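Predicted, not measured: the structure shown is a model, and the values here were computed from it. Along the sequence shown, the residues carry numbers beginning at 1.
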Amino acid sequence: MSLLDSVLGKNARRFIKRKDSDAGELGLSLEEFRSSLYNDFTTSEGARRKQQIYCGPFVAMSFNFMISVGIIMANKLVMGKVGFNFPVALSLIHYVTAWFLMAVFRLFSLLPVSPPSKSTPFSSLFLLGAVMSFSTGLSNISLKHNSVGFYQMAKISVTPTIALAEFLFFSKKVTLYKVLALVVVSIGVAIATVTDLEFNLFGASISLAWIVPSAVNKILWSNMQQTGNWTALSLMWKTTPITIFFFLALMPLLDPPGLLSFNWDSNNLTAILISAIFGFLLQWSGALALGATSATSHVVLGQFKTCVIMLGGYLFFNSDPGIVSLCGAIVALSGMSFYTYLNLRASQDSAAATKQLLKQASFAQKTKTTADDEKSDAKITVDSFLDRDLKEIA
């Protein structure tokens with residue numbers, strides 16, 4: 001130490017202490033980086049964080065929009081040209097294919113880790129799988145037994161059902177401006193799509209029975225991902241077997257007979273398999289959109305797809321839905337634009353508040369570090385004075 005004292009003077013101890021401190025900080029940073037990588041790949045919190053980074057609202061909703069257009073074309077091919085008129089069986093094939101693909105992902109360690117079983121009771125997963133099967137099955141039956149106009153009216157009624165359910169069970173309130181925007185959207189979609197309102201008791205009963213499972217399905221998918229560290233794929237992996245079980249029970253009750261006598265040749269199987277792959281992608285993209293936004297925003301996205309498909313057909317394929325329907329679609333898109341603006345502003349306000357809190361925390365930490373350094377420097381100065389006095393005495 002005397003050699004260092006002679007070379008560096010009274011700052012020798014301060015120099016050594018700073019070097020030790022720098023080495024300690026470097027080791028701590030490396031340890032934190034290693035821990036971060038471990039958490040990203042082997043924990044549900046890390047997987048959820050990665051999903052939030054790479055699949056934000058815009059990416060998730062754009063993905064869902066594109067897949068929705070694709071599955072419309074695939075299902076038209078299957079139910080039109082191929083003649084596979086078994087909607088519940090087709091949904092069952094979609095979910096079996098999805099489960100098989102996720103099993104392959106799991107085999108190659110590509111499936112995100114699920115949260116611990118204690119964090120989410122099995123009853124919640126069972127409820128989600130059940131309402132998902134009823135939502136999908138009853139939707140297909142409602143479309144089969146109702147006119148398109150009555151089916152669209154049932155879809156529009158899902159929006160207020162979600163708002164009411166979230167208020168009753170989660171105390172989640174919708175601002176007045178958002179309510180007005182959703183009203184404009186609903187009126188516009190009704191004008192654009194409700195051109196016929198043929199009523200029959202059985203079809204109306206199916207539609208009413210479908211509204212609640214549809215709303216609950218969207219709410220659960222959104223809430224469990226945002227509060228339970230679930231990713232879309234990990235939650236699908238847990239709930240798909242339950243959904244398959246309920247589809248097997250519903251298929252004999254809701255599908256017409258003749259499934260086994262269908263012509264299962266290679267062309268038909270290929271068309272059904274393409275539809276099934278799109279079905280898996282639709283389920284995945286829908287879950288991503290619900291996890292990144294909210295149940296209400298996902299419903300608005302579905303209505304946006306309806307309006308865009310109508311306007312696209314008019315602009316590019318010379319279809320003529322009528323001036324009233326076109327005006328309704330424009331009104332609906334205006335309401336959707338205002339609703340999107342309100343969500344973006346709320347997101348920016350939330351991000352600004354979070355940034356301010358982080359800034360305050362960083363300033364407090366910096367102040368504390370500066371104070372600790374001043375104490376350390378004062379201690380080193382006192383020690384140097386003591387050493388000098390001891391040497392003088394000696």
Side-chain angles (χ1 to χ4, degrees), residues 57 61-62 64-65 68-69 72 135 138-139 142-143 145-168 172-200 203-219 222 286 289-290 293-316 319-347:
M61 297 183 82
S62 299
N64 184 241
F65 175 80
S68 297
V69 175
I72 288 173
S135 174
L138 292 176
S139 174
S142 174
L143 184 58
H145 290 279
N146 287 302
S147 63
V148 175
F150 198 92
Y151 176 76
Q152 288 293 340
M153 287 296 293
K155 287 182 67 176
I156 292 171
S157 64
V158 172
T159 303
T161 304
I162 289 174
L164 179 61
E166 288 185 330
F167 174 75
L168 292 177
K172 187 176 180 180
K173 297 180 181 180
V174 183
T175 63
L176 177 61
Y177 287 119
K178 284 189 178 182
V179 170
L180 293 175
L182 292 173
V183 169
V184 172
V185 170
S186 299
I187 292 174
V189 172
I191 295 173
T193 60
V194 181
T195 56
D196 57 332
L197 278 175
E198 298 178 6
F199 177 83
N200 69 82
S205 301
I206 293 294
S207 294
L208 291 175
W210 166 76
I211 291 172
V212 173
S214 178
V216 172
N217 180 46
K218 295 178 185 300
I219 291 171
S222 180
L290 285 166
T293 57
S294 65
T296 306
S297 297
H298 190 257
V299 174
V300 173
L301 175 64
Q303 295 167 342
F304 172 75
K305 290 181 286 190
T306 301
C307 294
V308 168
I309 290 171
M310 176 183 296
L311 292 175
Y314 174 75
L315 294 174
F316 301 108
S319 64
D320 186 16
I323 189 66
V324 175
S325 295
L326 291 175
C327 290
I330 294 173
V331 170
L333 289 176
S334 301
M336 294 171 194
S337 300
F338 184 53
Y339 179 80
T340 303
Y341 164 74
L342 293 174
N343 279 339
L344 288 175
R345 191 176 70 175
S347 178

Notebook entry, point to check: Who passes side-chain hydrogen bond (donor to acceptor under 3.5 Å, both in side chains) against S222, sequence neighbours left out?
Noted result: Q226

Next item on the list: State whether the side chain of S186 and the backbone N or O of V183 hold a donor-acceptor pair below 3.5 Å, judged by distance alone.
Entry: no

Item checked: Interatomic spacing from CD in E166 to CD1 in I219 - rounded to 0.5 Å -> 4.5 Å

Item checked: Point-to-point distance, once rounded to the nearest 0.5 Å, from CZ of F338 to CG of L182 -> 10.5 Å

Item checked: Exercise: identify the closest heavy-atom pair between I206 and L138 -> CG2-O, 3.6 Å

Next item on the list: Check side-chain hydrogen bond (donor to acceptor under 3.5 Å, both in side chains) between K155 and all other residues, then give those that pass, not counting sequence neighbours.
Entry: none

Notebook entry, point to check: Between G335 and V185, what is the shortest heavy-atom contact and its length?
Noted result: C-CG2, 3.4 Å

Notebook entry, point to check: Sequence neighbours excluded, which residues qualify as side-chain hydrogen bond (donor to acceptor under 3.5 Å, both in side chains) partners of S294?
Noted result: S297

Next item on the list: Provide the closest heavy-atom pair for C307 versus L333 in the form atom of the first, atom of the second, distance.
Entry: CB-CD2, 4.1 Å

Notebook entry, point to check: Taking C-beta and beyond as the side chain, do T175 and V179 meet within less than 4.5 Å on heavy atoms?
Noted result: no

Next item on the list: To the nearest 0.5 Å, tell me how far H298 NE2 sits from N217 CG.
Entry: 9.0 Å

Note to self: Contact between L301 and M336 at the side-chain level, heavy atoms closer than 4.5 Å - yes or no?
What the structure shows: no

Margin query: Less than 4.5 Å apart, side chain to side chain, heavy atoms only: is that true for K305 and V69?
Written below: no

Notebook entry, point to check: Does a side-chain heavy-atom distance below 4.5 Å link L164 with P160?
Noted result: no

Checklist line | Minimal non-hydrogen separation, V331 against V184, with atom names | finding: O-CG1, 3.6 Å

Notebook entry, point to check: What's the shortest heavy-atom distance between A192 and A329, and which atoms?
Noted result: CB-N, 3.5 Å

Item checked: Pairs touching residues 207-216 that satisfy side-chain hydrogen bond (donor to acceptor under 3.5 Å, both in side chains), sequence neighbours left out -> S142-S207, N146-S207

Notebook entry, point to check: Less than 4.5 Å apart, any side-chain heavy atom of V174 and any of T296?
Noted result: no

Checklist line | L342 versus K178, closest heavy-atom pair with distance | finding: CD1-N, 3.6 Å

Next item on the list: List the steps, then state whether side-chain contact (heavy atoms from CB on, under 4.5 Å) holds for K172 with F167.
Entry: CA-CA 5 Å; K172 187 176 180 180; F167 174 75; 6.0 Å; no

Next item on the list: State which residues pass side-chain hydrogen bond (donor to acceptor under 3.5 Å, both in side chains) with S139; sequence neighbours excluded, sorted by chain then number.
Entry: Y151

Note to self: side-chain contact (heavy atoms from CB on, under 4.5 Å), that's the test. Do V300 and T159 meet it? Break it down for me.
What the structure shows: CA-CA 8 Å; V300 173; T159 303; 5.7 Å; no

Check: How long is the span from the CD1 atom in I162 to the OG atom in S157, to the nearest 0.5 Å?
Finding: 10.0 Å

Next item on the list: Identify, with sequence neighbours excluded, every residue that meets ring-ring contact (aromatic ring centres under 6.0 Å, His included) alongside F304.
Entry: F65

